[in-house]
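In what follows, a single structure is set out as structure tokens and then discussed.
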Amino acid sequence: MPQGWTPPGLWALLLWLPALLASGSDFKHHRYEEMVRALFAVQNQCPHITRIYSIGQSVEGRHLYVLEFSDNPGVHEALEPEFKYVGNMHGNEVLGRELLIKLSRFLCEEYQARNQRITRLIHDTRIHILPSMNPDGYEVAARQGPEFNGYLVGRGNAREVDLNRNFPDLNALMYYYEKNKGRNHHLPLPDNWEQQVEPETLAVIKWMQSYNFVLSANLHGGAVVANYPFDKSRYPRIRGRTTNADTPDDKLFRKLARTYSYAHSWMHKGWNCGDFFDEGITNGASWYSLSKGMQDFNYLYSNCFEITLELSCNKFPPESTLPREWLANREALVSYIEQVHHGIKGMVYDENNNPIRKAEISVAGINHDVTSGVDGDYFRLLLPGTYTVTASAPGYLPSTSTVTVGPAEAIQLHFYLKKAKKQNLKQKPHKSKRNLSSHKSSLKLSPR
């Protein structure tokens, strides 16, 4: 070893060691009131970069609090992507809840310490952290505690409904559309859907409607693996064997899952909790088929790409293991947020530089579109490569460009759409971008 040379792994340890030593006493399980106090403590410590808001209430009336990090909290800034973490969807799967509380403190403290990486992340990203989607279920599980908690006690909400089986089933509609060349994004919700879901599920769906999320992960326990869509199989089991249910963005989802797995201390090794997952990742349906799950719903209803992170064999680990789990997940949690800055992003304008909302952005060869937000900005996660991208909107002529995406920051690609003449609209009504001419501009009962 050359004199004075420090191994790369040791540099990483030295970088985070001060924060670890300074906050060693933070590792504990937080009941609801303690969790709320912890979130408000972070907000009080870092008031200029944080905001706390509630997206709704649980069955028993507990607020679902979100802690937001941004250099301009409470405001969506054009071309700044929105990211979210969701923890404790199953009330008895508690590690994600504690990791997100700890992550919140960490982001605040590292920002105050002028950590360049964290400062840049907060300045360039709007980060939303929901530590507990199911606070009622957590309280049921916490009353038994780590030593006596059963596999199911507290899993569901106060009505014992599994929230990860409670979202509208858009997969069946998507699989039908695949065969009949129907819509490939933002699928419609069924009639009376609000009466068919639990209050916690309703709150999350309304949340998704209010923010143009680009990337997300929901944190679970009971296994150690990064799980990506689709969760619901297209086909029934054949001789007891499951098959992959790939999305049009399968390669991208694999990359997102590997980002977390390889940044995690041991997830990528594959053997965990008596199961083996190659590279520590799995397609959801290949593991087992799941209907009405949250990650599939994100992809089919919104612009958001979400994966499910299974983070511990023990659903309710003892407090003594929390420091080790934080060390194992800290770099992965930060690295995954950074993935929101890859691909392409830009504005969609009309001829007078007015932003166009709900314009559709399609990528040739990938049968899944995204839409522009209220401010006319769009975000499309992509792997490195060269793509043909089309922007279209009702009443406008579509515009197509070719863009090369690299491995670093997202490439900005703006579109300026011209009004279509009325006679053209009558002759060729807007149906979808693919029908319009374009001009180029160059059990065990599963954890999930």
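Please read all numbers here as calculations on a predicted model, not as lab measurements. FYI, the numbering just counts along the sequence from 1.
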- When you look at CD of Glu160, are more than 12 heavy atoms from neighbouring residues, nucleotides or ligands closer to it than 6.0 Å? no

- If we only count heavy atoms from C-beta on, is the Ile344 to Leu382 side-chain gap below 4.5 Å? yes

- Message: Test your reading of the model: is there a side-chain donor-acceptor pair from Asn72 to the backbone of Val75, 3.5 Å cut-off?
- Response: no

- Task: Using side-chain contact (heavy atoms from CB on, under 4.5 Å) as the criterion, point out the one residue from His220, Arg97, Met133 that pairs with Asn88.
- Result: Arg97

- Please check if the side chain of Asp369 supplies one atom and the backbone of Glu360 the other of a donor-acceptor pair under 3.5 Å. no

- For residues 193-214, pull every pair meeting salt bridge (Lys or Arg N to Asp or Glu O under 4.0 Å), keeping only residues two or more places apart or in separate chains. Arg159-Glu198, Glu194-Lys206

- Kindly write out the residues that satisfy side chain to side chain contact (heavy atoms under 4.5 Å, CB included) with Lys232, not counting sequence neighbours, or none if the list is empty. Asp169, Asn171, Ala172, Tyr175, Ser289, Ser291, Asp296

- Which residues share a side chain to side chain donor-acceptor pair (under 3.5 Å) with Tyr211, sequence neighbours left out: Arg51

- Task: Would you mind listing every disulfide (SG to SG under 2.5 Å) that reaches into residues 278-342, with sequence neighbours excluded?
- Result: Cys273-Cys313

- Message: Can you see whether Thr404 engages Thr386 through a side-chain donor-acceptor pair at a distance of less than 3.5 angstrom?
- Response: yes

- Taking side chain to side chain contact (heavy atoms under 4.5 Å, CB included) as the test, write out the residues that go with Pro47, two or more places apart. Gln43

- Heavy atoms of other groups near Arg183 CZ, more than 12 under 6.0 Å: yes

- Task: Flag yes if more than 12 heavy atoms outside Gln116 fall under 6.0 Å of its CD atom; otherwise flag no.
- Result: no

- Determine whether the aromatic ring centres of Trp287 and Phe277 lie less than 6.0 Å apart. yes

- Message: With salt bridge (Lys or Arg N to Asp or Glu O under 4.0 Å) as the rule and sequence neighbours excluded, what pairs involving residues 71-80 come up?
- Response: none

- Note on the structure: Those residues at least two apart in sequence (or on a different chain) that pass side chain to side chain contact (heavy atoms under 4.5 Å, CB included) with Val36 are Tyr32, Phe40, Tyr65

- Query: For Asp350, what residues pass the side chain to side chain contact (heavy atoms under 4.5 Å, CB included) criterion, not counting sequence neighbours?
  - Reply: Asn352, Asn354, Ile356, Tyr396

- Residues at least two apart in sequence or cross-chain that pass side chain to side chain donor-acceptor pair (under 3.5 Å) with Gln196, listed by chain then number, are none

- Shortest non-hydrogen separation from Met294 to Asn164 and the atoms involved: N-OD1, 3.0 Å

- Task: Identify the residue among Phe213, Tyr299, Phe83, Tyr228 that makes a ring pair (Phe, Tyr, Trp, His ring centres under 6.0 Å) with Phe305.
- Result: Tyr299

- Pairing of Lys345 and Asp377 as salt bridge, 4.0 angstrom limit: no

- Under 4.0 Å between a Lys/Arg side-chain N and an Asp/Glu carboxylate O for Glu110 and Arg117? no

- How are the rings of Trp266 and His264 set to each other: parallel, tilted or perpendicular (split at 30° and 60°)? perpendicular

- Note on the structure: In terms of heavy-atom contacts, Phe415 and Ser401 come closest through CE2-OG, 4.0 Å

- Sort and list the pairs that fulfil salt bridge (Lys or Arg N to Asp or Glu O under 4.0 Å) and have at least one residue in residues 260-269, not counting sequence neighbours. none

- Cation-aromatic face contact Lys292/Phe297, 6.0 Å, 45 degrees: no

- Task: Indicate whether any N or O donor in one side chain lies under 3.5 Å from an N or O acceptor in the other, for Asn134 and Asn157.
- Result: no

- Task: Assess the side chains of Tyr260 and Asn329: does a donor N or O sit below 3.5 Å from an acceptor N or O?
- Result: yes

- Query: Does atom CZ of Arg120 have more than 12 heavy-atom neighbours, drawn from other residues, nucleotides or ligands, at distances under 6.0 Å?
  - Reply: no

- Task: Please determine if Glu33 and Arg31 form a salt bridge, counting it only when a charged side-chain N lies under 4.0 Å from a carboxylate O.
- Result: no

- Query: How about Thr371 and His185: does a side-chain donor come under 3.5 Å of a side-chain acceptor?
  - Reply: no

- Item | Asp231 vs Gln295, side chain to side chain donor-acceptor pair (under 3.5 Å): CA-CA, chis, key distance, verdict | CA-CA 8 Å; Asp231 271 336; Gln295 74 173 8; 3.1 Å; yes

- Would you call Asp249 and Lys255 a salt bridge, taking side-chain N to carboxylate O under 4.0 Å as the test? no

- Item | Thr201-Asn166 side chain donor-acceptor pair, cut-off 3.5 Å | yes

- Query: For His123 and Tyr111, does a side-chain donor sit closer than 3.5 Å to a side-chain acceptor?
  - Reply: yes

- Message: Test your reading of the model: is there a side-chain donor-acceptor pair from Tyr177 to the backbone of Leu187, 3.5 Å cut-off?
- Response: no

- Go through the structure and list residues passing side chain to side chain donor-acceptor pair (under 3.5 Å) with Glu98, not counting sequence neighbours. His30

- Item | Donor-acceptor side-chain pairing of Glu331 and Ser335 below 3.5 angstrom | yes

- What disulfide (SG to SG under 2.5 Å) pairs are there with at least one residue in residues 87-145, not counting sequence neighbours? Cys46-Cys108

- Message: Please evaluate residues His414 and Gln412 with respect to the criterion side chain to side chain donor-acceptor pair (under 3.5 Å), reporting the C-alpha separation (whole Å), side-chain torsions for both, the decisive distance (0.1 Å), and the verdict.
- Response: CA-CA 7 Å; His414 305 302; Gln412 289 199 24; 3.2 Å; yes

- Does any donor atom in the side chain of Ser261 or His268 lie under 3.5 Å from an acceptor atom in the other side chain? no

- In terms of side-chain geometry, is the basic nitrogen of Lys315 or Glu93 positioned less than 4.0 Å from the acidic oxygen of its partner? yes

